[in-house]
Amino acid sequence: IVRPFNEIPGLWKNGVANLYNFWKLDGFRNLHRIMLQNFNTFGPIYREKIGYYESVNIINPEDAAILFKAEGHYPKRLKVEAWTSYRDFRNRKYGVLLKNGEDWRSNRVILNKEVISPKVLENFVPLLDEVGEDFVARVHKKITRSGQNKWTTDLSQELFKYALESVSSVLYGERLGLMLDYIDPEAQHFINCITVMFKTTSPMLYIPPGLLRRIGAKVWRDHVDAWDGIFNQADRCIHNIYRQLRQETGTPKKYPGVLASLLMLDKLSIEDIKASITELMAGGVDTTSITLLWTLYELARHPNLQEELRAEVAAARAESQGDMLEMLKRIPLVKGALKETLRLHPVAVSLQRYIAEDIIIQNYHIPAGTLVQLGLYAMGRDPQVFFRPEHYQPSRWLRTETHYFRSLGFGFGPRQCLGRRIAEAEMQIFLIHMLENFRVEKQRNVEVQSTFELILLPEKPIILTLKPL
Ligand code: HEM
Ligand code: 2DC
């Protein structure tokens, strides 16, 4: 017999008291650990209310399958009110990230063709390969300058630049020049703004931004400044391309980038295009760079695995005579490594949907309209789901274990990450070039944990040493 919604275990009766306890536990930065602990206390399903944020949380892949089958035609994630409030406040259009319903679907279908369909990969790969080569050249230069035949550093700023350069080259078909010694201060400002934007979002998941705005709270003001910086920089890039396109006559020979393709296609309004391009540009920096940093960290901790990956890349290079598109088809272990990184260090602590129909999970009835969250971080570390979850083992993604609803780092279905193809190609190409040129080592044996700043980030700097092979 199915049990009613109100019997789901958890703390959901007093949102304000729960918010107070959450705050005491420093929950704004520990969300992932608190979720893990809640699953330990309540089992594979629990209900929760913190401030005004109410949800049902699940952890099992089989339950995730039920959730995504009930997502409906217009899948809807948790509404991040800080982001919609900013756009309402500044009178800016929502892009695909924030749109819902038919407006979301019609925009998403057109964007899919230009951003995530398999056929665009051949356009992206040469652009991304060039950025990868420039990154390697930059590291070689740093190593030479150090005079020690190695470079020891916190790579995060370098990786932010690599990621912004990569996503920009694909979106605009042009280089920003971030792999050079002197970089445009505006670009550096854009990078800083993204970090601040994410960081200031997390408290506003639980305290309504409208309220914070009325009382003139600092988080809200910092959040607005951060988005202003993001939009200003994106507007400049977009305007540049728009102007070039209007001056050009005839059709260009080479691939002109996602933005120019969308403008020429003429199926979305300019305002819709601007809104989504800005989101793609902002979404393409911290996500891939942090995932790459975690991957280098894991490879530094597992030197034998690092050699195995290097051998795979060398064989792939030989078999494909350097054709990068071909190479990407011959590196299953490198792809497994990226999946393994996202399992242990996911960018998104959870996936969520407002379900479109009633469902039954763990024998509890859950009514349509409920916000259901899959605890992605908790699932990745659950020994019931992954054999020896604490082991970083890329080969588990090759054959041996079942993958059913287990590889969800980019989300699922029609609402999954729009930047997925860009992110995957960019990260694979980065690892290929790094493995071909450098050995990655780590100083001492320090474990680095995650901290929640809307996305999960390393809680302290990761210091790595790069040595030429
Ligand atoms: C959405 C993860 C990189 C742009 C998402 C979602 C996840 C995610 C989990 C929500 C999916 C869902 O609800 O099912 C990641 C990870 C990345 C990454 C792990 C890299 C390691 C990127 C990049 C871009 C991007 C590089 C831009 C080029 C977006 C956009 C959405 C999204 C626009 C919203 C799509 C929509 O609502 O239709 N991402 N992402 N992401 N991501 Fe990413
Ligand atoms: C954060 O409880 C934790 O890809 C919340 O590229 C639930 C939640 C909702 C939406 C998620 C967010 C979490 C993490 C960051 C995500 C976001 C959807 C898209 C965004 C996963 C899990 C991200 C990083 C996008 C960001 C695009 C940019 C323009 C802001």
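One-based numbering, in listed order, for ligands and for the atoms of each. Along the sequence shown, residues carry numbers from 1. These figures come from a predicted structure and were not determined experimentally. Because only heavy atoms are used, hydrogens play no part in the values below, and waters and symmetry mates are left out as well, while side chains stay in.
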Trainee: Considering only heavy atoms from C-beta outward, does the side chain of Lys99 approach that of Val96 to under 4.5 Å?
Mentor: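 Answer no - side chains too far apart.
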
Trainee: Short N/O distance, under 3.5 Å, between Gln352 and ligand 1?
Mentor: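 No; every N/O pair is 3.5 Å or more apart.
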
Trainee: Among protein heavy atoms, which sits nearest to atom 21 (C) of ligand 1, and what does the distance come to when rounded to 0.1 Å?
Mentor: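 Ranking protein heavy atoms by distance from atom 21 (C) of ligand 1, first comes Thr291 OG1, 3.3 Å.
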
Trainee: Would you say the ring centroid of His302 lies under 6.0 angstrom from that of Tyr392?
Mentor: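 Between Tyr392 and His302, which both carry aromatic rings, the centre distance is below 6.0 Å.
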
Trainee: Out of all atoms in ligand 1, which are within 4.0 Å of some heavy atom of Val96? Include the element for each.
Mentor: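 Taking each heavy atom of Val96 in turn, ligand 1 has 36 (C), 37 (O), 38 (O) under 4.0 Å.
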
Trainee: Out of Trp83, Trp220, Trp227, which one pairs with Phe89 under the ring-ring contact (aromatic ring centres under 6.0 Å, His included) rule?
Mentor: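 Of the listed residues Trp83, Trp220, Trp227, the ring-ring contact (aromatic ring centres under 6.0 Å, His included) partner of Phe89 is Trp220.
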
Trainee: For atom 14 (O) of ligand 1, what is the nearest protein heavy atom, given as residue, atom name and distance?
Mentor: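 Nearest neighbour among protein heavy atoms for atom 14 (O) of ligand 1, to 0.1 Å: Arg353 NH2, 2.7 Å.
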
Trainee: With ring centroids as reference points, do Phe231 and Tyr86 lie under 6.0 angstrom apart?
Mentor: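 Distance test on ring centres: under 6.0 Å, yes.
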
Trainee: Checking a contact table here: which protein heavy atom is nearest atom 26 (C) of ligand 1, and how many Å away?
Mentor: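 Answer, as residue, atom name and distance: Gly284 CA, 3.4 Å.
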
Trainee: With heavy atoms of Val167 as the reference, note each atom of ligand 1 found under 4.0 Å away.
Mentor: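 It comes down to these atoms of ligand 1: 28 (C).
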
Trainee: Show the atoms of ligand 1 that are less than 4.0 angstrom away from any heavy atom in Leu351.
Mentor: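 Per the distance check, 9 (C).
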
Trainee: Does either side chain, that of Trp12 or that of Glu54, offer a donor lying less than 3.5 Å from an acceptor on the other one?
Mentor: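 No - no donor-acceptor pair under 3.5 Å links their side chains.
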
Trainee: Using side chain to side chain contact (heavy atoms under 4.5 Å, CB included) as the criterion, point out the one residue from Ile58, Leu36, Val385 that pairs with Met379.
Mentor: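 For Met379, the side chain to side chain contact (heavy atoms under 4.5 Å, CB included) test succeeds with only one of Ile58, Leu36, Val385, which is Val385.
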
Trainee: Could you say whether the N/O atoms of Glu279 and ligand 1 ever approach to under 3.5 Å?
Mentor: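 No; every N/O pair is 3.5 Å or more apart.
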
Trainee: Looking at Glu271 and Lys93, is there a salt bridge between them, counting it only when a charged N and a carboxylate O are closer than 4.0 Å?
Mentor: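 Judged by the 4.0 Å cut-off on N to carboxylate O distance, Lys93 and Glu271 do not form a salt bridge.
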
Trainee: Scan side-chain atoms only and decide if Gln188 and Asn192 contain a donor-acceptor pair under the 3.5 Å cut-off.
Mentor: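 Note: Gln188 and Asn192 side chains meet the donor-acceptor criterion.
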
Trainee: Side chains of Thr288 and Tyr162: closer than 4.5 Å at any heavy-atom pair?
Mentor: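 Sidechains of Tyr162 and Thr288: no contact.
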
Trainee: So, for Leu333 and Glu312, which heavy atoms are closest and what is the spacing to 0.1 Å?
Mentor: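 Closest heavy-atom pair between Leu333 and Glu312: N-OE2, 2.7 Å.
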
Trainee: Are Gln306 and Arg310 close enough that a side-chain donor and a side-chain acceptor fall under 3.5 Å?
Mentor: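 Present: a donor and an acceptor within the cut-off.
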
Trainee: Quick check on contacts: which atoms of ligand 1 are under 4.0 angstrom from a heavy atom of Met427?
Mentor: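 Listed by number with element: 21 (C).
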
Trainee: State whether the shortest distance between N or O atoms of Thr288 and N or O atoms of ligand 1 falls below 3.5 angstrom.
Mentor: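 Between Thr288 and ligand 1, no N or O pair is found under 3.5 Å apart.
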
Trainee: Which of the atoms in ligand 1, numbered in the order shown and given with their element, are less than 4.0 Å from a heavy-atom of Arg77?
Mentor: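 Atoms satisfying the 4.0 Å criterion: 10 (C), 11 (C), 12 (C), 13 (O), 34 (C), 35 (C), 36 (C), 37 (O).
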
Trainee: With heavy-atom distances below 4.0 Å as the criterion, list the atoms of ligand 1 near Gly409.
Mentor: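 Near Gly409, the atoms of ligand 1 are 2 (C), 9 (C), 19 (C).
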
Trainee: Would you please indicate yes or no on a ring centroid separation below 6.0 angstrom for Tyr46 and Phe39?
Mentor: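 Judged by ring-centre distance (under 6.0 Å), Phe39 and Tyr46 do meet the cut-off.
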
Trainee: Ignoring angles and geometry beyond distance, decide whether Arg108 reaches within less than 3.5 Å of ligand 1 through its nitrogen or oxygen atoms.
Mentor: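 Min N/O separation from ligand 1 is below 3.5 Å for Arg108.
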
Trainee: So which protein heavy atom does atom 28 (C) of ligand 1 come closest to, and at what separation?
Mentor: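 Result for atom 28 (C) of ligand 1: Leu280 O, 3.4 Å.
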
Trainee: Could you pull out all residues at least two apart from Arg108 that satisfy side-chain hydrogen bond (donor to acceptor under 3.5 Å, both in side chains)?
Mentor: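 Arg108 satisfies side-chain hydrogen bond (donor to acceptor under 3.5 Å, both in side chains) with Asn112 only.
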
Trainee: Show me a pair-per-line table, with atom names and distances to 0.1 Å, of protein N or O atoms that are under 3.5 Å from an N or O of ligand 2.
Mentor:
{"residue": "ligand 2", "atom": "2 (O)", "partner": "Tyr53", "partner atom": "OH", "Å": "2.8"}

Trainee: Would you mind counting protein N, O or S atoms that sit less than 2.8 Å from atom 43 (Fe) of ligand 1?
Mentor: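 Protein heteroatoms (N, O, S) closer than 2.8 Å to atom 43 (Fe) of ligand 1 number 1.
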
Trainee: Go through Thr341 and Thr295 one step at a time and tell me if the side-chain hydrogen bond (donor to acceptor under 3.5 Å, both in side chains) criterion holds.
Mentor: CA-CA 6 Å; Thr341 301; Thr295 306; 2.9 Å; yes

Trainee: For Pro75, does its backbone N or O pair with a side-chain atom of Arg415 as donor and acceptor, under 3.5 Å?
Mentor: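 The answer is yes, because a donor-acceptor pair under 3.5 Å joins these two groups.
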
Trainee: Taking 4.0 angstrom as the limit and counting only heavy atoms of Phe412, give me the atoms of ligand 1 inside it, by number and element.
Mentor: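 This gives 14 (O) as the contact atoms.
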
Trainee: Among pairs that include at least one residue of residues 58-70, which meet side-chain hydrogen bond (donor to acceptor under 3.5 Å, both in side chains), considering only residues two or more places apart or in two chains?
Mentor: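 Sorted pair list: Asp63-Gln362.
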
Trainee: Give a yes or no answer on whether the side chain of Arg381 reaches the backbone of Leu344 with a donor-acceptor pair at less than 3.5 Å.
Mentor: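 Indeed, once roles are kept as given, a pair shorter than 3.5 Å links the two residues.
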
